[in-house]
Amino acid sequence: WYLIITANWSANSIVMNVLRNLRHNAPRLVPALLLLVLLALLVTGCEAKVPQNTFDAQGEVARKQRDLFYLAMWPAIVVMIGVLGGIVIMCLRFRERDPNSRPPKQIHGNTKLEITWTIAPAVLLLGLGVPMVGMIYDLGEAPGPDAYYIDVISQRYSWSFEYPEITDPSGLPLNVPGEAHIPTGKRVAFRLHSVDVIHSFWVPRLGGKLDVVPNMNNVLWLKADNPDSFAGQCAELCGIEHANMKFVIIADSPEDFAKWEQEQRATLNATPPPTPVASATASATATVAASPTPTIAASPTPTPTPTGS
């Protein structure tokens, strides 16, 4: 019994001490716990194998944009750590310890520091601005004469892709809903058209987005490095089913893309073209005109019967 009572008393003492310490250190523990929760949320966002990961660059445009983002991100992180670290140090080191103490001597400022933190950001922005402006001009240039052109038609809530180089016997281009095949290692120029409202064409792993505006033909060129399929979507809120406005870009090797083109041409040539409406109407008119007109025999005129008065 003595051992049991002693063990219970020791356990109660330990619990009471823990609770007392928690109560005393609560102001310090709460920020630490919040920091751990935020860190856990940050770690959960580091998954790379997702269909629309912009950091998983698989094309020339996406790779340049990602590298430019890193170029701007790392200096920003250094500045953030310096500023926040300085604030924390000043709050801890120069906090008020004695409420009855006299306030420190007030000064107007430090001219050297003010000049430094005015010139330093200007130099940093200039250093970042030069490559950014150069890349804007680089990615904004025309796709070039060797580019492969595809017309993109967007409407709520679907995408379709037309290939002007693949036509049927009547000259109509191949129209593929929901997906587009492109060759790897070659610039592909997407000519963006909208039927109704503003949409936004976005393939995160191949490049940035571009608005699709009615009555305005924007052109976006992309280039895939390796054969793969890339998820895309509309990145502009366009209506109640905006979330379902998705598409797929399938990048084929040059050999496989040439085979796919041949298959599509063979399918279009094997399919008889639809009969034009005008021809069908003319044929129907000709048929009616050629049909014999039924003859209606004239009925004899009745002879009036004389009546007496």
Side-chain angles (χ1 to χ4, degrees), residues 50-69 72 129 131-168 171-184 186-225 228-251 257 264:
V50 292
Q52 295 187 347
N53 182 10
T54 55
F55 295 102
D56 184 19
Q58 298 296 321
E60 178 183 351
V61 177
R63 188 166 50 254
K64 289 182 177 180
Q65 292 173 341
R66 181 198 60 189
D67 296 343
L68 185 62
F69 174 80
M132 286 184 178
V133 173
M135 185 170 295
I136 289 175
Y137 279 97
D138 184 20
L139 298 180
E141 66 180 4
D146 297 332
Y148 191 89
Y149 282 84
I150 299 177
D151 289 306
V152 182
I153 295 89
S154 62
Q155 60 182 352
R156 295 186 294 184
Y157 301 94
S158 63
W159 300 88
S160 60
F161 300 86
E162 290 187 352
Y163 292 78
E165 298 185 16
I166 307 176
T167 59
D168 62 10
L172 294 177
L174 171 68
N175 186 293
V176 182
E179 70 175 32
H181 285 256
I182 64 173
T184 58
K186 184 176 184 178
R187 288 188 178 185
V188 179
F190 295 93
R191 294 183 291 208
L192 309 177
H193 313 277
S194 175
V195 175
D196 38 35
V197 298
I198 297 177
H199 302 281
S200 186
F201 185 83
W202 188 31
V203 190
R205 296 169 63 199
L206 290 182
K209 64 189 74 171
L210 184 62
D211 283 348
V212 189
V213 184
N215 301 321
M216 182 181 296
N217 298 328
N218 292 333
V219 179
L220 172 70
W221 66 268
L222 301 173
K223 184 179 179 181
D225 294 333
D228 201 350
S229 61
F230 305 96
Q233 70 175 57
C234 175
E236 184 80 20
L237 181 61
C238 56
I240 192 170
E241 296 184 24
H242 160 73
N244 297 324
M245 194 169 174
K246 302 177 182 179
F247 60 91
V248 177
I249 300 294
I250 301 175
F257 183 75
Q264 300 306 313

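With contacts defined as side-chain heavy-atom distances shorter than 4.5 Å, the pair Arg205/Asp228 qualifies. In this structure, the side chains of Val212 and Val152 stay at 4.5 Å or more apart for every pair of heavy atoms. The shortest side-chain heavy-atom distance between Pro143 and Val219 falls under the 4.5 Å cut-off. Side-chain atoms of His242 and His199, non-hydrogen and from C-beta on, never get closer than 4.5 Å to each other. Using a 4.5 Å cut-off on side-chain heavy atoms (C-beta onward), Arg191 and Asn217 make no contact. Looking at heavy atoms from C-beta onward, Met132 lies in side-chain contact with Leu68 at the 4.5 angstrom threshold.
Ser154 contributes a side-chain N or O that, together with a main-chain N or O of His193, makes up a donor-acceptor pair within less than 3.5 Å. Side-chain atoms of Gln264 do not come within 3.5 Å of backbone N or O of Ile166 as any donor-acceptor pair. In this structure, the side chain of Asn218 engages the main chain of Asp211 through a donor-acceptor pair within 3.5 Å. Panel note: side chain Trp221, backbone Tyr148; no donor-acceptor pair is recorded below 3.5 Å. The backbone N or O of Ile240 lies less than 3.5 Å from a partner atom in the side chain of Tyr157, making a donor-acceptor pair.
Taking both residues in full, the closest heavy atoms of Gly207 and Gln65 are given as C-OE1, 3.6 Å, listed atom of the first, atom of the second, then distance. Between Arg187 and Ala142, the shortest heavy-atom contact is NH1-O, 3.7 Å. Taking both residues in full, the closest heavy atoms of Val203 and Ala231 are given as CG1-O, 3.8 Å, listed atom of the first, atom of the second, then distance. Counting all heavy atoms, side chain and backbone alike, Ala251 lies closest to Ala224 at CB-CB, 3.8 Å. Heavy-atom minimum distance, Ala147 versus Lys186: C-CE, 4.3 Å. Gln155 and Val195 get closest at one heavy-atom pair: CB-CB, 3.9 Å.
The distance from atom NZ of Lys223 to atom NZ of Lys64, rounded to the nearest 0.5 Å, is 8.5 Å. The CD1 atom of Ile182 lies 7.0 Å from the CZ atom of Phe230; values are rounded to the nearest 0.5 Å. In this structure, the separation between CD on Glu236 and CG on Leu210 is 11.0 Å, given to the nearest 0.5 Å. To the nearest 0.5 Å, atom CD of residue Glu241 and atom SG of residue Cys234 are 12.5 Å apart. Rounding to the nearest 0.5 Å gives a distance of 7.5 Å between CD of Gln52 and NZ of Lys246. Note that CH2 of Trp159 and CD1 of Ile249 are 9.5 Å apart. Values are rounded to the nearest 0.5 Å.
Ring orientation note: the planes of Phe190 and Phe201 are tilted relative to one another, at an angle of 30° to 60°.
A donor atom on one side chain and an acceptor atom on the other are not found under 3.5 Å apart for Asp225 and Gln58.
Judged as a ring-ring contact (aromatic ring centres under 6.0 Å, His included), and not counting sequence neighbours, the contacts of Phe55 are Phe69, Tyr70.
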